[in-house]
Amino acid sequence: MTKTITFNELRRIKDSLPDGSMHRIADELGLRVETVRNYFGGQNYKDGRSCGIHIEPGPDGGLVVLDDMTIFERAMEILNEKEAPTAPEA
């Protein structure tokens, strides 16, 4: 399944992630951290790899087609953890 969002929306998601999330996602998925950063618009292909995104020029930073949703879904799970209220301890 693919997803199309704007580049600026993808960057907002990245910027909303808690500190250390790029390393956490990389560790959990067995990727280099630079590959995860490239997914969110980075361009370090010396240390990281391309990871299933295509960017087309346009308004709001252009359109991004995400061919592989794995990193995106993990990022959204981390954001949901951040927003979920913690249960009070008994």
Side-chain angles (χ1 to χ4, degrees):
M1 180 166 79
T2 64
K3 179 176 183 69
T4 303
I5 62 174
T6 67
F7 181 77
N8 289 343
E9 182 180 358
L10 184 65
R11 294 298 287 186
R12 278 191 289 276
I13 292 168
K14 179 218 171 257
D15 293 341
S16 297
L17 290 168
D19 290 341
S21 293
M22 296 294 120
H23 289 277
R24 179 177 170 187
I25 293 169
D27 290 344
E28 290 175 4
L29 299 178
L31 302 170
R32 290 177 177 242
V33 71
E34 291 303 328
T35 300
V36 176
R37 287 186 177 126
N38 289 347
Y39 189 87
F40 288 100
Q43 297 181 1
N44 183 342
Y45 297 104
K46 179 181 175 196
D47 296 325
R49 296 180 174 216
S50 177
C51 44
I53 69 165
H54 306 282
I55 301 173
E56 297 290 330
D60 205 18
L63 294 177
V64 179
V65 178
L66 305 172
D67 291 335
D68 185 340
M69 295 290 293
T70 308
I71 294 172
F72 181 85
E73 289 169 352
R74 189 61 196 113
M76 296 308 292
E77 289 170 5
I78 291 171
L79 285 176
N80 288 335
E81 289 171 8
K82 179 181 163 187
E83 295 174 4
T86 57
E89 293 183 29

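- Taking CG from Leu31 and NE2 from His23, the interatomic distance works out to 13.0 Å, rounded to the nearest 0.5 Å.
- Each salt bridge (Lys or Arg N to Asp or Glu O under 4.0 Å) pair with one or both residues in residues 1-11, not counting sequence neighbours, would appear here, but there are none.
- For Arg74, the side chain to side chain donor-acceptor pair (under 3.5 Å) partners at least two apart in sequence or on another chain are Glu28, Glu77.
- Taking CG from Leu66 and OG1 from Thr2, the interatomic distance works out to 8.5 Å, rounded to the nearest 0.5 Å.
- Interatomic distance, CZ of Arg24 versus CG of Asp19, reported as 12.5 Å (0.5 Å rounding).
- A continuous path of hydrophobic side-chain contacts links Leu17 to Ile5 [ILVMFWY only; heavy atoms under 4.5 Å].
- Under the rule for a side chain to side chain donor-acceptor pair (under 3.5 Å), the partners of Thr6 that lie at least two apart in sequence or sit in another chain are Asp60.
- Here the straight-line distance linking atom CE of Met22 with atom CD of Glu34 works out to 11.0 Å at 0.5 Å rounding.
- In terms of hydrophobic clustering, with Ile, Leu, Val, Met, Phe, Trp and Tyr side chains grouped at heavy-atom distances under 4.5 Å, Ile71 and Met69 are assigned to a common cluster.
- The two atoms that bring Phe7 and Gly41 nearest to each other are CE1-CA, 3.7 Å, heavy atoms only.
- To the nearest 0.5 Å, atom CG of residue Leu10 and atom OH of residue Tyr39 are 7.0 Å apart.
- Contact detail for Ser16 and Leu79: the closest heavy-atom pair is O-CD2, 3.4 Å.
- Residues Ile13 and Phe72 approach most closely at CD1-CE1, 3.5 Å, considering heavy atoms.
- Ile78 contributes atom CD1, which lies 4.0 Å from atom CD1 of Ile25 (distance to the nearest 0.5 angstrom).
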